[in-house]
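Structure record follows, encoded as structure tokens.
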Number of protein chains: 2
Amino acid sequence: MRKWTISDLAREANVSKTTVSRVLNGRPDVDAETSARLLALIEDVGYVRSARAVQLAKGRANVVGLLAPFDTSPWMIEVLRAAMERVQATHFSLVLHSFPHSPAEMARFADQLNNGSMDALMVVSLQQEVPAIAKAAADGLPVVMLNDYGFNAGLADIIPDEAVGIAEAVAHLVAVGRRRFAIIAGTPDFPISATRLDAYRQAIRKHGLELDEQLVIEAPFTAPAAQAATLALVDRGVGFDALFASSDAMAVGAMRALKQRGLAIPDDVSVVGFDDFASAEFTEPRLTTVHNPLYEMSARAMAQLLDGVKANKPIEKSEEVIGTHLIVRDSSVPSRNGAGGRG
Amino acid sequence: MRKWTISDLAREANVSKTTVSRVLNGRPDVDAETSARLLALIEDVGYVRSARAVQLAKGRANVVGLLAPFDTSPWMIEVLRAAMERVQATHFSLVLHSFPHSPAEMARFADQLNNGSMDALMVVSLQQEVPAIAKAAADGLPVVMLNDYGFNAGLADIIPDEAVGIAEAVAHLVAVGRRRFAIIAGTPDFPISATRLDAYRQAIRKHGLELDEQLVIEAPFTAPAAQAATLALVDRGVGFDALFASSDAMAVGAMRALKQRGLAIPDDVSVVGFDDFASAEFTEPRLTTVHNPLYEMSARAMAQLLDGVKANKPIEKSEEVIGTHLIVRDSSVPSRNGAGGRG
DNA sequence: CTGTTAGCGCTTTCAG
DNA sequence: CTGAAAGCGCTAACAG
């Protein structure tokens, strides 16, 4: 016999398909002897339930979709790790979807949203309005966004509380004696650029200091761009002893520029980044940075989604915030320690 | 009407389900007018085919599974990128599976292998025998391994040709004037440790030189371990001017150690790594390294798998090799350039 | 505790 | 060019 089905088992054991199904699903209302006999047979012939048939009959696929920018982002691995761990503890599967680039891809994705191939959806850093998603959510699909920053109104969104970690960073810088704060801010096309800049400015104020606007410079979120910007910043001639780069990649560029100008890190300038990607361990010196809680956010999103599926109800609009915190490494603590220092 | 089905469409349009199905599948043998009318209706009511029903009827899920170590490996993103790109060009989906850690997880995975939830499987860096996979493959499931190094006999495996890139690296080191070669080798529990060490040794021989066994030291594949090993190596007092670290992470540790001992990179010692992960751009100096062709390997594997599914036949045992090459950055070319140099 | 009878929504011979 | 009928393999009332 090629592949056993529930009917084969039923015939072989002289019971009905229903009974077999009950045993398969561990229902209590089956005679112990019958159950044991069936289980033995199942084991014996190596029967395994057809996932497809179950899905059709149950009207559910036990699949959560993950829509994310796999093409670019190295930090996606953090999101994946968390999602996988949560999913693996259940009977769900995780299926990946890249952002649809062409209209054709968008159409296919919209179909997937509605053809029952997923029971829930997690969307990472979309940051653009996609009506098909909102519609699916309105039709009852549990959807949680990560880092959407309000682009898709009405959907649940989970974002990091960047200000907390940045405030920690500033407090740390003050504690090690820094007073002249500079920042490589991101470009205005990303919402996070302003968020991080504002948080930095506010945090500095809380310490009775002021962010000198001459020490603010914008750059794209890449190492080379930040390097150029930092060079320009140093060349303005306005001294600074603390530099916050709006991302780890930018921090790398900034550190290169500082070294180029003969400034020692951290002795002349303390550098702090944002993200805490794996690479932060590999910079020289190792980078002090604000941990971006992608893992935690993803875990949280997945928990909400799985709950949503189980409860069989959509997820309400909400904006959940996950705290960030500073990871102190070697790029920020000068050896000759200033004011509040402990050196 | 809540959710349109093929029957609803048939009734509404006064045709049979069969005809609707034909139109849905773009079969040519349908009256043009009927077809147009149906298409209009479909568009009109926003009908979308149930993926689950199609899958059950067709006996195929159009899913390729990806079994991989998501918990640890940052380079997985490369594998994912390639796999997603290939998959997105088709009507397949990619579903993720983490390595089963407990027997229970293994049992669940083995079930998935046989319950029709995937039509093909790609396995990354498993490097341990998993009979369930071999069995599924024998039963007709297309399976391709990446970096399995023969642990699962009888299955198709794709591996990098590390020797090519390492030979390039050695040639490069010779060209910039290096003659005293050292290596931080991996520990023997990983097959790649010996592969890389041997390739290095052979390459050096091809240049009429010899790898001094005093300049070989083993360490786990991490930065701290490599740092300690490098310190020990330097302290042996046997001079060297070129150091090959068996991974990028190890190279980072090695560079730290060299700096600790007052050695300049690349002027005193040229450092070359292996992997070319994103972090290689972030080291100081930027790391010259052998590119690990994970992306290419994954793309190749996916192509084979999709072919296998389309042709509806298993994939034969094979060992495909993908070339590697050297990426020259700043850690290897000394400013005062030696022998074959071009400075 | 167990079986009967309908589906789940689509595909596919086989006739016409 | 079109339709009837029989599945795909399992679940789920509803009776007993």
Side-chain angles (χ1 to χ4, degrees), chain A residues 1-39 41-42 45-63 91 111-112 114-119 312, chain B residues 1-39 41-42 45-63 91 111-112 114-119 312:
Chain A
M1 181 155 294
R2 190 69 201 135
K3 193 94 178 177
W4 285 74
T5 72
I6 206 181
S7 311
D8 300 327
L9 294 174
R11 184 176 342 103
E12 188 73 14
N14 275 312
V15 294
S16 70
K17 293 196 306 180
T18 310
T19 298
V20 179
S21 176
R22 281 196 261 257
V23 171
L24 250 16
N25 289 289
R27 298 276 159 64
D29 50 354
V30 179
D31 178 77
E33 188 275 331
T34 310
S35 173
R37 189 158 48 90
L38 242 12
L39 254 9
L41 177 59
I42 287 168
V45 303
Y47 164 83
V48 4
R49 259 214 305 298
S50 157
R52 294 185 303 244
V54 175
Q55 287 171 191
L56 179 56
K58 284 225 167 114
R60 183 193 282 187
N62 276 25
V63 160
H91 287 257
D111 269 10
Q112 317 238 48
N114 298 304
N115 71 6
S117 62
M118 61 180 93
D119 308 309
N312 189 30
Chain B
M1 182 155 293
R2 189 69 201 135
K3 193 93 179 177
W4 284 73
T5 72
I6 205 181
S7 311
D8 301 327
L9 294 174
R11 185 178 339 103
E12 188 74 15
N14 273 312
V15 294
S16 70
K17 294 196 307 181
T18 311
T19 297
V20 179
S21 175
R22 281 196 261 257
V23 170
L24 251 15
N25 289 289
R27 298 275 159 66
D29 51 353
V30 178
D31 179 77
E33 187 276 330
T34 311
S35 174
R37 188 158 47 90
L38 241 13
L39 254 9
L41 176 61
I42 287 168
V45 304
Y47 164 82
V48 5
R49 257 214 305 302
S50 158
R52 294 184 302 242
V54 176
Q55 288 172 17
L56 179 57
K58 284 221 166 114
R60 183 193 282 186
N62 276 23
V63 159
H91 287 256
D111 269 9
Q112 317 240 46
N114 299 303
N115 70 6
S117 61
M118 61 180 94
D119 308 309
N312 189 29

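We name chains A, B, ... by the order of the sequence lines, and we start the count at 1 in each one.
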Given C:dC10, D:dT11, D:dT2, identify the nucleotide with an atom nearest to the side chain of B:V54.
C:dC10
Rounding to an integer number of Å, can you tell me how far B:L9 CG sits from C:dG9 C1'?
11 Å
Verify, without hydrogens or angle tests, whether A:R37 (side chain) and A:A13 (backbone) share a donor-acceptor contact under 3.5 angstrom.
yes
Nucleotide nearest A:S21 when distance is taken to its side chain, options D:dT11, C:dT12, D:dG9
D:dT11
Write down the distance between NZ (B:K58) and P (C:dC8), rounded to a whole number of angstrom.
20 Å
Students often get this wrong, so: under 4.0 angstrom with heavy atoms, is B:R27 touching a base, only sugar-phosphate, or nothing?
sugar-phosphate
So what does A:R22 hit on the nucleic acid, given a heavy-atom distance under 4.0 Å: a base, only sugar-phosphate, or nothing?
base
Nucleotide D:dC10, atom P - distance to CD of B:Q55 in whole Å
15 Å
Is any N or O donor-acceptor pair between the side chain of B:T18 and the base of C:dT12 shorter than 3.5 Å?
yes
Round to the nearest Å and state the distance from A:N115 atom CG to C:dC10 atom C1'.
13 Å
Consider only side-chain N and O atoms of B:N25 and B:R49, and report whether a donor and an acceptor are under 3.5 Å apart.
yes
From CD1 of A:I42 over to P of D:dC10, roughly how many Å is that when rounded to an integer?
10 Å
Among the nucleotides D:dA12, C:dC10, D:dT11, whichever has the atom closest to the side chain of B:I6 is C:dC10
Counting the atoms with a prime plus P, OP1 and OP2 as sugar-phosphate, which does A:V15 contact under 4.0 Å by heavy atoms, base, sugar-phosphate, or nothing?
sugar-phosphate
Nearest heavy atom decides the nucleotide; on that basis, is B:P28 or A:L56 closer to the 5' end of DNA chain D?
B:P28
My understanding is that only one of B:T18, B:V20, B:N14 makes a side-chain contact (heavy atoms from CB on, under 4.5 Å) with B:S16; could you say which?
B:T18
Looking only at D:dG3, C:dC1, C:dC10, the nucleotide nearest the B:Y47 side chain is C:dC10
For A:D31, answer base if it contacts any base atom (sugar-phosphate contacts may also be present), sugar-phosphate if it contacts only those atoms, and nothing otherwise; contact means non-hydrogen atoms under 4.0 Å.
sugar-phosphate
Would you say A:S16 places a side-chain N or O within less than 4.0 Å of OP1 or OP2 belonging to C:dT2?
no
